[in-house]
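Both backbone and side-chain heavy atoms feed into the values below; hydrogens, waters and symmetry mates do not.
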Amino acid sequence: MLGGGGLVGANVYASATEDGGADSAETLSSPAGTIDCPDVGDKLTDVPEDAKEDVAKELALLDQQIADAYQRLTEAAQAIKQDPAFADNAIMKPLKEKRGATIERIAIAVDRTGDRPEGLDGLADCTLKAPEPDSGDQANGADGGDGAQDNGGDDQSGAGQGGEQQGDGGQDAGNGGQAGNGPNAADYQDIKSVQPNVQKPALSSDASRGTFATSCGVNENGLFNSDNVIVAPGVSNGAHHFHDYIGNQSNDAFASDEDLANAETSCVNQGDKSTYYWPVIRLQNGSQEQDANSPGGGIEGNAGEIVTPKEVTLNFVGSPRSKVTEMPRLLRIITGDAKAFINGTANANASWSCTGFEDRQLKDKYPLCPQGSDVVRTFKFQSCWDGTNIDSANHRTHVAFAAADGSCANGFKAIPQLVQRIVYDVKAPSLQDGGKTTPLFAVDSFPEQLHKPVTDHGDFINVFDEKLMGEMVDCINAGRKCGVGADEGDDPGQEEPTEEPTEAPTTPPADDKPEPGDGGNEQTDPPANDDPATEAPATEDPKTEKPATEAPANDEPGDDAPATDPADDDKPTMSSTVAPKSDGTPSAAAGDDQAQGGSGDDENAGGATAQTQPPAEDTEDSLGTKPQAVGGNLAETGATTLWPAAGGAVLLIGGFLVLMRARRSAR
């Protein structure tokens with residue numbers, strides 16, 4: 001009996017985990033639509049110092065309210081199918097009421113010590129954009145470059161049509177991905193179908209041509225969390241997705257400037273305690289990370305195995321037009337927009353490519369790389385500073401991208417530009433079976449952003465020793481190559497891999513002669529620049545895609561509908577919205593309940609064209625219910641949990657032997 005029980009229990013446990021299905025009800029399934037809410041933070045360009053903390057918490061609460069609404073949509077899928085008005089009455093109207101109360105508290109907080117912000121009253125209402133029926137003509141990614149995105153950012157009419165039912169891969173219609181909220185086949189493009197599109201700006205006689213490198217590892221320490229100390233200080237799970245952290249080892253939502261200054265660093269040069277972070281990439285392979293049932297992880301649709309980068313290079317480069325000046329200590333910079341799928345691409349700055357093909361950059365697609373080539377994410381940060389502020393209310397207007405000729409706008413000074421290159425050893429996914437043979441890969445994102453590649457972003461806080469910063473500027477202005485690994489990453493991977501792909505991509509690239517706005521071939525987008533010279537982000541809007549075409553089924557949908565009275569969670573309290581600061585770096589054994597590591601993301605995938613003004617702000621604040629820090633090796637696949645089955649089998653055999661011996665004795 002003991003043996004049989006052990007075997008049955010082992011089989012139940014193994015079957016629940018081998019496909020990433022443990023507590024699958026806790027993760028988002030195909031969304032019933034896309035919730036489009038105006039970005040309140042984008043309107044807050046002047047927040048008094050005394051109001052910043054309160055405003056940050058309220059902005060984070062707005063993000064949490066959207067995440068909660070998505071969860072209710074999935075839970076009420078059946079009720080919505082039976083009554084189309086259910087979503088509006090039970091989810092969208094309460095969301096509007098909650099947002100209205102939160103926005104009013106923001107206005108009051110600013111009004112106490114400054115001028116009441118204008119134009120906020122109309123930002124409470126959100127739109128539920130229903131997914132379009134799956135036409136079936138884009139199964140397996142066919143024509144993935146056409147209908148998926150409109151290249152305008154605002155029109156999401158084609159989103160979510162990247163494929164039909166992918167039953168073999170366990171994917172939901174049009175969405176794909178382990179958690180059902182993306183990515184889909186139309187999010188990928190064969191890098192060989194992209195024409196070279198990188199332009200190098202002309203250098204003037206006054207250009208600062210040097211390069212300063214710093215080496216800080218690849219997050220082999222396993223430092224992750226779903227906080228964002230820049231946009232949601234003091235709020236756990238402020239990013240609603242996980243970040244990799246390198247450099248500073250004390251970055252969480254509760255880290256003060258003093259904490260950052262006194263922290264340990266993973267950088268080889270100990271004078272660099274800066275913090276560098278970005279959303280993790282995951283393989284949609286069914287693996288259960290320790291955040292699988294936690295906010296910021298599986299509960300918010302970020303599921304699968306976290307991939308550690310193969311290589312990370314950090315280079316600071318000069319200006320093509322002038323000498324550079326020192327960055328101020330504790331300067332904050334966010335590049336890209338974590339909400340670009342909903343917000344549009346004004347602040348987007350994603351660049352995806354493959355080693356050997358980095359003269360071809362994708363803005364709104366994940367690359368399908370041939371055999372022998374690795375996936376590359378490149379972030380080129382803003383390189384013009386207003387000369388006064390280390391941050392701004394929207395976390396953007398104190399820095400700006402250079403103009404097309406590399407010059408900074410009036411009143412802005414050229415500073416060393418951080419060029420961050422992250423390489424991953426991941427194979428091109430098998431799109432024809434929804435990633436079952438070779439898993440899909442995607443960045444973590446807010447739930448409503450559907451893991452779109454255009455939402456990629458990076459964050460940086462300068463905690464360089466002032467002496468080392470001075471050495472950096474002298475090196476760059478003198479045209480030298482300095483720092484740790486200064487000779488690495490120059491003209492990376494320009495030789496094309498010799499091997500062909502092991503499997504032809506199943507998503508045909510966009511036509512060689514795409515229609516305007518088609519976006520399948522990135523030739524029309526302003527190219528990203530691999531040269532370490534400054535370049536402004538593209539003004540071309542990457543194409544956007546809609547969510548899945550079917551609402552997820554739910555056996556008991558109606559019971560989970562939110563109450564019509566939003567008052568209960570309108571007013572955040574310290575106990576419910578802010579977790580106490582934990583000491584030290586989270587350990588690998590911290591598990592789901594251990595706190596903080598985080599990262600918030602509001603950045604935008606803008607391309608390489610000039611912006612003469614600082615890009616719009618980044619408001620990726622989100623309020624979490626508990627801190628989300630995980631360290632160490634997170635993956636726990638079903639294969640590693642099959643040992644109970646073996647033990648159960650041994651016990652079962654032993655049980656039979658005992659029973660046979662007992663019967664013989666009785667005779």
Side-chain angles (χ1 to χ4, degrees), residues 212-230 239 242-281 306-316 327 329-333 377-379 381 416 418-425 444 457-469 471-472 482-489 581-590 594-601 628-635:
F212 183 91
T214 185
S215 179
C216 303
V218 296
N219 196 22
E220 54 267 64
N221 296 339
L223 180 57
F224 308 97
N225 64 42
S226 57
D227 298 347
N228 190 343
V229 71
I230 295 180
F242 261 36
H243 290 104
D244 271 310
Y245 288 87
I246 63 173
N248 201 288
Q249 297 293 288
S250 293
N251 188 341
D252 61 27
F254 309 95
S256 64
D257 290 348
E258 184 178 1
D259 292 331
L260 296 174
N262 295 329
E264 299 293 325
T265 179
S266 67
C267 299
V268 174
N269 191 326
Q270 294 294 293
D272 181 10
K273 294 187 177 182
S274 302
T275 179
Y276 309 85
Y277 58 104
W278 55 83
V280 300
I281 277 183
I306 294 176
V307 182
T308 300
K310 178 180 179 179
E311 177 187 3
V312 176
T313 57
L314 305 169
N315 289 318
F316 292 86
M327 291 183 180
R329 189 168 171 82
L330 298 171
L331 175 70
R332 272 94 163 145
I333 306 180
R377 301 162 75 184
T378 303
F379 298 114
F381 284 70
L418 172 58
V419 179
Q420 186 169 279
R421 179 174 173 269
I422 311 169
V423 181
Y424 295 88
D425 182 10
D444 267 21
H457 56 275
D459 299 71
F460 166 72
I461 302 177
N462 169 38
V463 199
F464 270 87
D465 176 88
E466 292 182 0
K467 179 181 178 181
L468 184 59
M469 176 58 67
E471 293 175 0
M472 176 198 295
C482 314
V484 180
D487 293 328
E488 299 174 4
K581 179 166 178 62
S582 58
D583 296 330
T585 302
S587 67
Q594 297 298 330
Q596 354 258 338
S599 79
D601 326 10
Q628 288 300 306
V630 180
N633 183 8
L634 298 181

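Side-chain contact between Val229 and Ile461 is present, with heavy atoms from C-beta onward closer than 4.5 Å.
Between Phe316 and Phe212, the ring-plane angle classifies as tilted under the 30° and 60° cut-offs.
Atom-to-atom distance recorded for Ile422:CD1 and Asn219:CG is 10.5 Å, nearest 0.5 angstrom. Taken to the nearest 0.5 Å, the CG atom of Asp425 stands 5.0 Å off from the NZ atom of Lys310. The OG1 atom of Thr265 sits 6.0 Å away from atom CD of Gln270, with the distance rounded to the nearest 0.5 Å. Rounding to the nearest 0.5 Å places SG of Cys482 at 10.0 Å from CE of Met472. Put simply, CG on Leu418 and CZ on Phe460 are 6.0 Å apart, with the number rounded to the nearest 0.5 Å. Gln420 contributes atom CD, which lies 8.5 Å from atom OG1 of Thr313 (distance to the nearest 0.5 angstrom).
Counting non-hydrogen atoms of neighbouring residues, nucleotides and ligands closer than 6.0 angstrom, the CD atom of Glu258 reaches no more than 12 such neighbours.
Minimum heavy-atom separation, Cys267 to Gly247: SG-CA, 3.7 Å. Pairing each heavy atom of Asp272 with each of Leu468, the nearest pair is N-CD2, 3.9 Å. Of all non-hydrogen atoms in Ser250 and Ala255, the two that sit nearest each other are O-CB, 3.3 Å. Closest of all the heavy-atom pairs between Asn462 and Met469 is OD1-CE, 3.6 Å. For Ile246 against Val312, the heavy-atom pair with the smallest separation is CD1-CG1, 3.8 Å. Considering every non-hydrogen atom in both Asp244 and Phe224, the closest pair reads OD1-CE2, 3.0 Å.
No donor-acceptor pair under 3.5 Å is formed between the side chain of Ser215 and the backbone N or O of Val484. With hydrogens and angles ignored, the 3.5 Å screen pairs a side-chain donor or acceptor of Asp444 with a backbone N or O of Phe242.
Salt-bridge check for Arg332 with Asp257: passed, with a basic side-chain N closer than 4.0 Å to an acidic carboxylate O.
For Tyr276 and Phe379, the gap between ring centers reaches or exceeds 6.0 Å.
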In sequence, state the C-alpha distance, the side-chain angles, and the governing distance for Leu330 and Val463, and then conclude on side-chain contact (heavy atoms from CB on, under 4.5 Å).
-> CA-CA 6 Å; Leu330 298 171; Val463 199; 4.2 Å; yes
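Between Tyr277 and Asn248, the side chains place no donor N or O within less than 3.5 Å of an acceptor N or O (distance only, hydrogens not considered).
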